[in-house]
J.: 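One structure follows; several queries about it will come next.
What's counted below: heavy atoms across the whole structure, side chains too, no hydrogens, waters or symmetry copies. Below, chain A is the first sequence line, B the second, and so on; all start at residue 1.
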Amino acid sequence: DAKTTQPPSMDCAEGRAANLPCNHSTISGNEYVYWYRQIHSQGPQYIIHGLKNNETNEMASLIITEDRKSSTLILPHATLRDTAVYYCIVRVVYNTDKLIFGTGTRLQVFP
Amino acid sequence: GAVVSQHPSRVICKSGTSVKIECRSLDFQATTMFWYRQFPKQSLMLMATSNEGSKATYEQGVEKDKFLINHASLTLSTLTVTSAHPEDSSFYICSARVPGDRGNTIYFGEGSWLTVV
């Protein structure tokens with residue numbers, strides 16, 4: 001089972017920041033938080049990941065709370081092409097090291 | 001950056017036949033690849049973990065004799081859907097872990113649409 005909960009859908013105006021929340025209250029100390037997005041009929045695209053510090057790259061910023069029980073993905077200036085399903089995933093680090101997907105958040109960016 | 005490629009992107013096959021989907025890591029060696037299935041408007045469901053040089057590990061409820069996985073080299077894993085039926089029609093996606101990357105990031109292929117008629 002997925003270890004994260006996300007709102008099923010969100011809207012965002014083009015040009016504004018999109019803030020996507022994720023709860024992972026049972027995260028373990030050595031588990032990373034990963035974010036992927038899936039545009040319709042394509043494979044998931046890696047966005048960003050982090051352990052406990054905030055992270056930023058050319059796509060987004062990841063804010064992880066101090067207790068690591070939740071995080072927020074920030075798209076600073078959303079565009080129409082950012083419309084997708086966004087998945088927050090806690091990396092299950094066993095010997096097979098696999099990603100288990102939850103239901104994600106469907107982000108709709110409107111003009 | 002790391003790239004994972006799948007082929008074919010779309011395939012139609014007749015009921016009862018078998019179809020093979022390839023997953024390649026293009027600029028890195030992948031000792032482990034993962035196969036997912038996704039039905040319309042649903043999330044990705046992990047089917048199996050493909051390990052180079054050894055047998056795949058299947059998730060509970062996935063028929064290993066129906067979904068044959070072969071990981072014969074460090075850059076290629078194949079998924080063969082045997083005796084396909086219309087209910088096997090789905091979007092199949094593979095992924096691979098980049099070794100040595102911070103946190104061992106996993107990248108996904110473009111996906112393969114299978115339609116069984």
Side-chain angles (χ1 to χ4, degrees), chain A residues 1-9 22 27-53 55-60 62 64 68 71 84-106, chain B residues 1-7 9-10 21 23-24 30-52 54-60 62 69 71 90-99 101-115:
Chain A
D1 291 337
K3 295 177 66 174
T4 63
T5 55
Q6 300 175 251
S9 63
C22 179
I27 191 171
S28 299
N30 61 349
E31 290 180 316
Y32 286 80
V33 179
Y34 277 76
W35 283 83
Y36 288 81
R37 71 180 182 184
Q38 187 178 27
I39 297 170
H40 183 63
S41 298
Q42 297 181 22
Q45 177 189 22
Y46 166 77
I47 301 174
I48 198 168
H49 72 279
L51 183 62
K52 53 183 177 181
N53 297 321
E55 302 287 345
T56 295
N57 62 20
E58 64 278 5
M59 290 184 66
L62 173 61
I64 303 174
R68 301 210 326 124
S71 61
V85 178
Y86 287 76
Y87 294 98
C88 167
I89 304 168
V90 169
R91 185 78 168 264
V92 180
V93 183
Y94 297 132
N95 55 353
T96 56
D97 194 17
K98 52 194 176 184
L99 292 176
I100 304 299
F101 284 76
T103 53
T105 296
R106 183 172 298 276
Chain B
V3 177
V4 178
S5 180
Q6 286 183 238
H7 178 80
S9 57
R10 290 182 179 273
I21 300 170
C23 178
R24 294 182 183 273
T31 56
T32 303
M33 292 184 174
F34 305 90
W35 286 95
Y36 292 81
R37 180 168 57 179
Q38 185 177 32
F39 293 109
K41 298 188 178 181
Q42 295 186 21
S43 186
L44 283 78
M45 184 194 78
L46 180 65
M47 299 175 66
T49 301
S50 172
N51 302 298
E52 189 270 335
S54 64
K55 292 183 177 180
T57 303
Y58 289 82
E59 295 298 305
Q60 190 173 7
V62 178
I69 292 172
H71 195 154
S90 187
F91 190 48
Y92 291 88
I93 312 165
C94 73
S95 65
R97 179 178 62 207
V98 178
D101 193 29
R102 183 178 70 88
N104 291 333
T105 301
I106 292 176
Y107 292 91
F108 287 81
E110 312 94 325
S112 299
W113 283 100
L114 170 62
T115 302

J.: Checking B:Gln38 against chain A: side chain, backbone, both or neither under 4.5 Å from a heavy atom?
T.: side chain
J.: Taking the inter-plane angle between the rings of A:Tyr36 and B:Phe108 on a 0 to 90° scale, is it parallel (under 30°), tilted (30 to 60°) or perpendicular (over 60°)?
T.: perpendicular
J.: Side-chain contact test, heavy atoms from C-beta onward, threshold under 4.5 Å: evaluate it for A:Tyr87 versus A:Thr4 and give yes or no.
T.: no
J.: State, to 0.1 Å, how close A:Ile89 and A:Leu99 come at their nearest heavy-atom pair, and which atoms those are.
T.: CG2-CD2, 3.8 Å
J.: Is the NZ or CZ atom of A:Arg91 both under 6.0 Å from the centre of the six-membered ring of A:Tyr34 and within 45° of that ring's axis?
T.: yes
J.: Counting only heavy atoms closer than 4.5 Å, note whether B:Leu44 contacts chain A via side chain, backbone, both or neither.
T.: both
J.: Of the backbone (N, CA, C, O) and the side chain (C-beta and beyond), which part of A:Gln45 lies under 4.5 Å from a heavy atom of chain B, both, or neither?
T.: neither
